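Note sheet for the following structure.
These numbers come from a predicted model, not from an experiment. We count ligands from 1, going down the list as the structure has it; atoms in each ligand are counted the same way.
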Amino acid sequence: MFKGQSALITGGSRGIGLAIAKKLANQGATITLLANNESVLKQSVKQLSSEYDQQHAILSVDLLHLVQENYNLSKLQDSFKSHSILVNCAGITTHTLLQRTTQKQITETINLNLTVPIILSQLCVKHMMRQRDQNPSILNIASVLSLTHHLLPGTSVYAASKAGLLGFTKSLAHELKGRVRVNALLPALVKDTEMGKIVKGDLAEVSMDVVVNKAVEVLSELSVNGECITLD
Ligand SMILES: NC(=O)c1ccc[n+]([C@@H]2O[C@H](COP(=O)([O-])OP(=O)(O)OC[C@H]3O[C@@H](n4cnc5c(N)ncnc54)[C@H](OP(=O)(O)O)[C@@H]3O)[C@@H](O)[C@H]2O)c1
């Protein structure tokens with residue numbers, strides 16, 4: 001289904017990002033996995049199917065560096081040229097009550113979960129617009145915690161970052177209508193990931209399979225644009 005398409009997946013070394021990458025590779029996509037830890041990335045890329053002779057790649061970048069004023073974004077430009085799919089999946093949470101959250105934790109959570117997807121989308125979009133025959137698409141992985149009817153103490157900064165991501169998704173989808181599709185998934189708790197293990201409290205759950213299948217459906221379905229889809 002994705003034969004001939006190339007997908008950049010942030011947070012692709014493990015968890016939800018890697019699971020989406022595996023499914024897209026099974027369906028013919030060529031994958032670039034982006035994360036910080038290079039040795040984990042090297043192991044993760046070996047898990048992707050190359051049944052369609054794809055040459056998968058890894059990109060080891062600390063995404064938090066992208067928000068620094070003196071970071072030379074042009075270094076990344078070449079790596080971003082060929083992708084018709086961007087999955088913004090890298091994310092962090094500290095799960096800490098606000099009064100115990102440090103300023104560094106606040107800044108990093110907002111930067112990684114919101115500012116970085118905005119910067120990466122900006123880097124990819126101009127190349128995507130030249131590949132309209134490839135059904136170019138951005139998928140942002142938000143969270144049910146960005147919705148006001150899913151509340152959990154210790155997640156206010158995370159919720160704020162993901163709510164911002166929803167606003168960005170809706171507005172950019174409108175801006176790029178007919179050229180690049182932009183959507184978001186809002187999964188409930190996915191227990192079997194590193195992040196899933198640190199979240200404590202009463203929160204609806206969803207299986208990894210449901211998240212992955214919906215991601216693939218949204219990326220392949222030409223009519224879906226500007227949707228923020230709750231998975232609980
Ligand atoms: N798990 C859940 O219950 C759940 C529910 C709803 C939404 N989500 C969202 O889904 C996404 C994936 O979650 P997950 O549970 O799969 O998380 P995870 O297992 O903790 O994986 C996080 C990924 O992000 C990467 N990452 C973190 N900081 C980075 C940085 N500074 N630079 C580059 N890469 C970085 C990690 O790579 P390195 O280790 O190399 O840094 C890893 O690949 C997140 O956006 C999360 O908010 C998760």
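Other residues, nucleotides and ligands contribute only 12 or fewer heavy atoms inside 6.0 Å of the CD atom of Gln103. Open room surrounds CG on Asp53; 12 or fewer heavy atoms of other groups in view lie less than 6.0 Å from it. Taking a 6.0 Å sphere around CD of Gln99, one finds it holds more than 12 heavy atoms contributed by other residues, nucleotides or ligands. Counting heavy-atom neighbours within 6.0 Å of Lys104 NZ, excluding the residue itself, gives a total of 12 or less.
If you number the atoms of ligand 1 from 1 as listed, the ones under 4.0 Å from a heavy atom of Ala90 come out as 24 (O), 45 (O). Which parts of ligand 1 touch Ser13 is read off a 4.0 Å heavy-atom cut-off, strictly below it: atoms 37 (O), 42 (C), 43 (O). Which parts of ligand 1 touch Leu63 is read off a 4.0 Å heavy-atom cut-off, strictly below it: atoms 30 (C), 31 (N), 32 (N), 33 (C). The ligand atoms of ligand 1 that sit less than 4.0 angstrom from a heavy atom of Tyr158 are 7 (C), 8 (N), 9 (C), 46 (C), 47 (O). If you number the atoms of ligand 1 from 1 as listed, the ones under 4.0 Å from a heavy atom of Gly15 come out as 16 (O), 19 (O). Less than 4.0 angstrom separates some heavy atom of Val61 from each of these atoms of ligand 1: 32 (N), 33 (C). Close contacts of ligand 1 with Leu189, meaning ligand atoms under 4.0 Å from a residue heavy atom, involve 3 (O). The distance from ligand 1 to the heavy atoms of Gly196 drops below 4.0 Å at these ligand atoms: 1 (N), 3 (O).
The two residues Ala215 and Ile20 have their closest heavy-atom pair at CB-CD1, 3.8 Å. Looking at every heavy atom in both residues, Gln105 comes nearest to Thr109 through O-OG1, 2.7 Å. Residues Tyr158 and Thr93 come closest through the heavy atom pair CD1-CB, 3.5 Å. Contact record, Ala19 with Val212: CB-CG2, 3.5 Å, taken as the closest heavy-atom pair.
For the pair Gly11 and ligand 1, the shortest N or O to N or O distance falls below 3.5 Å.
Ranking protein heavy atoms by distance to atom 6 (C) of ligand 1, first place goes to Pro187 O, 3.2 Å. Given atom 27 (C) of ligand 1, the protein heavy atom at minimum distance is Leu112 CD2, 3.9 Å. Distance from atom 5 (C) of ligand 1 to its nearest protein heavy atom, with residue and atom name: Ala188 O, 3.2 Å. Among protein heavy atoms, atom 17 (O) of ligand 1 sits closest to Met195 CB, 3.8 Å. Protein heavy atom at the shortest distance from atom 41 (O) of ligand 1 is Asn36 CB, 3.4 Å. Ranking the protein heavy atoms by distance from atom 31 (N) of ligand 1 puts Asp62 OD1, 2.8 Å first. Protein heavy atom closest to atom 1 (N) of ligand 1, with residue, atom name and distance, is Thr193 OG1, 2.9 Å. Of the protein's non-hydrogen atoms, Cys89 O, 3.0 Å is the one closest to atom 11 (C) of ligand 1.
Checked options Asn135, Val224, Asn183, Ile85; the residue passing with Leu219 is Ile85 (criterion: side chain to side chain contact (heavy atoms under 4.5 Å, CB included)). When each of Leu139, Ile138, Asn140 is checked for a side chain to side chain contact (heavy atoms under 4.5 Å, CB included) with Thr169, only Asn140 meets the rule.
Distances from ligand 1 to the non-hydrogen atoms of Ala142 include at least one value under 4.0 Å. Not close to ligand 1: Val144, with no non-hydrogen atom less than 4.0 angstrom away. At least one heavy atom of Ile141 sits less than 4.0 Å from an atom of ligand 1. Every heavy atom of Ser60 sits 4.0 Å or more from the atoms of ligand 1.
Placement of Leu166 and Val218 in two distinct hydrophobic clusters is found when ILVMFWY residues are connected by side-chain heavy-atom separations under 4.5 Å, directly or transitively. Hydrophobic clustering, with ILVMFWY side chains joined whenever heavy atoms are under 4.5 angstrom apart, keeps Leu34 apart from Val45.
One option in Arg14, Lys162, Glu108, Lys197 has a heavy atom closer to atom 39 (O) of ligand 1 than any other, and that option is Arg14. Across the listed options Val87, Ile16, Leu231, Val190, Ile16 owns the non-hydrogen atom lying nearest to atom 48 (C) of ligand 1.
Under the 4.5 angstrom side-chain criterion for Ile, Leu, Val, Met, Phe, Trp and Tyr, Val40 has no cluster partners at all.
The shortest distance between side-chain heavy atoms of Leu120 and Leu63 falls below 4.5 Å.
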